[in-house]
Amino acid sequence: MIRVNENYQKLQSSYLFSEISKRIADFQKENPDTPIIKMGIGDVTLPLPKVCLEAFHKAVDELGNAATFRGYGPEQGYGFLREKIAEVDFQKRGADIAADEIFVSDGAKCDSGNIQELFADDIVIAVPDPVYPVYVDSNVMAGRTGSFTDGRYANLVYLESTPGNNFVPDLPNQKVDLIYLCFPNNPTGATISKDVLKKWVEYAKENNALIIYDAAYVQFIRDPSLPHSIFEIKGAREVAIELRSYSKTAGFTGTRCAYTVIPKDCFIYTSTGEKIQLHGLWNRRQTTKFNGVSYPVQRAAEAVYSAAGQKEIKELADYYLENAKLIRETFTSLGFACTGGENSPYIWVQTNTDSWEFFNTLLYKAQVVTTPGSGFGKCGEGFLRVSAFNSRENVKKALASITAVPGKK
Ligand code: MLT
């Protein structure tokens, strides 16, 4: 008898963004002629940078010519891209990362889910609350979380991010083995300082723990004092891996390209304490289960590192940051406390009301889609996440409609 992985039965309803899509579909069925503005899922709206597009086209043409055709590429990614990543994203910022420590992939979401198959079933996992749901759900699927009661999984350690700690969680007061950190944060938009990040690295070293550092939103950092990579922190090479993505950086949400950095000094342990190099394990996993990102997509990603590419991606992020500023200013002027939106495309709005109810109010009364904070965890209840990924025109329209909703506050 073919049997189900019963861990899937422990998952809470559907994936957050699928649930939102369902609610939008219901609204549109009832109101087929009413246009809505989407500021829910963080999906980019501006086209690919010109340099990326040109590189993409050129690479496609190469595939149509026998002399320049390429078949399977290296599972870890082409050298031309890995070299640029190491140099521009890390070495230039003082982070000691080599090209062969970069694994190019089709998404940070996929990597964050896939990596945990390298870890034992009974490790103790710490996740932020609120949290990008993939970190939690992928561990539920793997059977590491226990059952769900009263809004939480029994075996997870929740790192609460609240107004009280400026949405940067405190170190756990127990020993954990795996820690997920995301800065600039999804969903709160909060950032972490070098000094605080250093404390997390020290904690991981003391406890032989591993940090998965998700830096998918690094392109939105404008405060020069903030770390762009965990590898700017001394000692992080031994206890951290980092996820990066071109999705929000260069408009690749549909194109798909990302990478994970796994330093060769990073070790995990057998039950008897033997050290195993994580880099080798991940390489083994990828060469078995993954065939690399397509050649034209990697050429498009490489173009990000040209002088013109760097200029274009800065302009892209600046555009969304200007939207974020407008969103934050409007919600603040309406009397809501806000965080994020300054070094991040997300604004975390404190509504102090039921999150889904507030979501529905904005959908039905302003025709604006947001993301209810409770979808990111218990600490998200009473909050709303607003994404700055949309056109200026739509953002302005959405903010005007929200402002006109009676009794929202
Ligand atoms: C989000 O809205 O949180 C992101 O778009 C989801 C993702 O990047 O997978």
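Quick caveat: nothing in here was measured; it's all calculated off a predicted structure.
What you find for S391 and T45 is that their closest heavy atoms are N-OG1, 3.9 Å. Contact between T191 and V168 at its shortest, heavy atoms only, is O-CG2, 3.3 Å. For F119 against I115, the heavy-atom pair with the smallest separation is CE1-O, 3.7 Å. Summarising the geometry of V104 relative to F290, their closest heavy-atom pair is O-CE2, 3.6 Å, with the distance given to 0.1 Å. Minimum heavy-atom separation, W348 to P130: CZ2-CG, 3.6 Å. For the pair M39 and V368, the tightest heavy-atom approach, listed with the atom from each and the gap, is SD-CG1, 4.1 Å.
For the pair E232 (side chain) and S229 (backbone), a donor-acceptor distance under 3.5 Å is present. Of the possible polar contacts, one joining the N390 side chain to the K38 backbone as a donor-acceptor pair under 3.5 Å is found. Side-chain atoms of N343 do not come within 3.5 Å of backbone N or O of P184 as any donor-acceptor pair. A donor-acceptor pair under 3.5 Å links the side-chain atoms of Y203 to the main chain of V176, judged by distance alone. Checking side-chain atoms of R144 against main-chain N and O of Q116 turns up a donor-acceptor pair under 3.5 Å. Judged by distance alone, the side chain of T351 and the main-chain N or O of G382 form a donor-acceptor pair under 3.5 Å. Under a 3.5 Å cut-off, the side chain of D223 and the backbone N or O of S225 do form a donor-acceptor pair. Listed for the R385 side chain is no donor-acceptor partner under 3.5 Å among the backbone atoms of T371. The backbone N or O of G113 sits nowhere less than 3.5 Å from a side-chain atom of S138 that would complete a donor-acceptor pair. Proximity of a side-chain donor or acceptor of K205 to a complementary backbone N or O of V239 within less than 3.5 Å is not detected.
Contact check on R392 versus E322 returns no salt bridge, with no Lys/Arg side-chain nitrogen under 4.0 Å from an Asp/Glu carboxylate oxygen. A salt bridge is defined here as a Lys NZ or Arg NE, NH1 or NH2 lying under 4.0 Å from an Asp or Glu carboxylate O, and K58 with E54 fails to meet this definition. For K378 and D129, the salt-bridge test fails: no basic side-chain N is under 4.0 Å from an acidic carboxylate O. Under 4.0 Å is where a charged nitrogen must lie from a carboxylate oxygen, and between E202 and K198 at least one such pair does. Checked for salt-bridge contact, K22 and D26 meet the test: a charged N lies under 4.0 Å from a carboxylate O. Ion pairing between a basic and an acidic side chain is recognised when a charged N comes within 4.0 Å of a carboxylate O; R328 and E342 show such pairing. Using a cutoff of 4.0 Å between basic side-chain nitrogens and carboxylate oxygens, R152 and E160 are scored as salt-bridged.
Between Y246 and Y259, the ring planes are tilted. Angles from 30° to 60° get that label.
The side-chain contact (heavy atoms from CB on, under 4.5 Å) check on L321 picks up F220, R222, D318, with sequence neighbours excluded. Partners of K397 according to the salt bridge (Lys or Arg N to Asp or Glu O under 4.0 Å) rule, which considers only residues two or more places apart in sequence or in another chain, are E393. Under the ring-ring contact (aromatic ring centres under 6.0 Å, His included) criterion, Y158 pairs with no residue, sequence neighbours left out.
Stacking of R285 on the aromatic ring of F103 is not recorded, the 6.0 Å distance cut-off and the 45° axial limit not both being met. Taking the centre and axis of the six-membered ring of Y305, the NZ or CZ atom of K84 falls outside the cone set by 45° and 6.0 Å.
Counting only N and O atoms by type, the side chains of D43 and T253 include a donor and acceptor under 3.5 Å apart.
Taking the six-membered ring for Trp and the full ring otherwise, Y346 and Y217 have centroids separated by under 6.0 Å.
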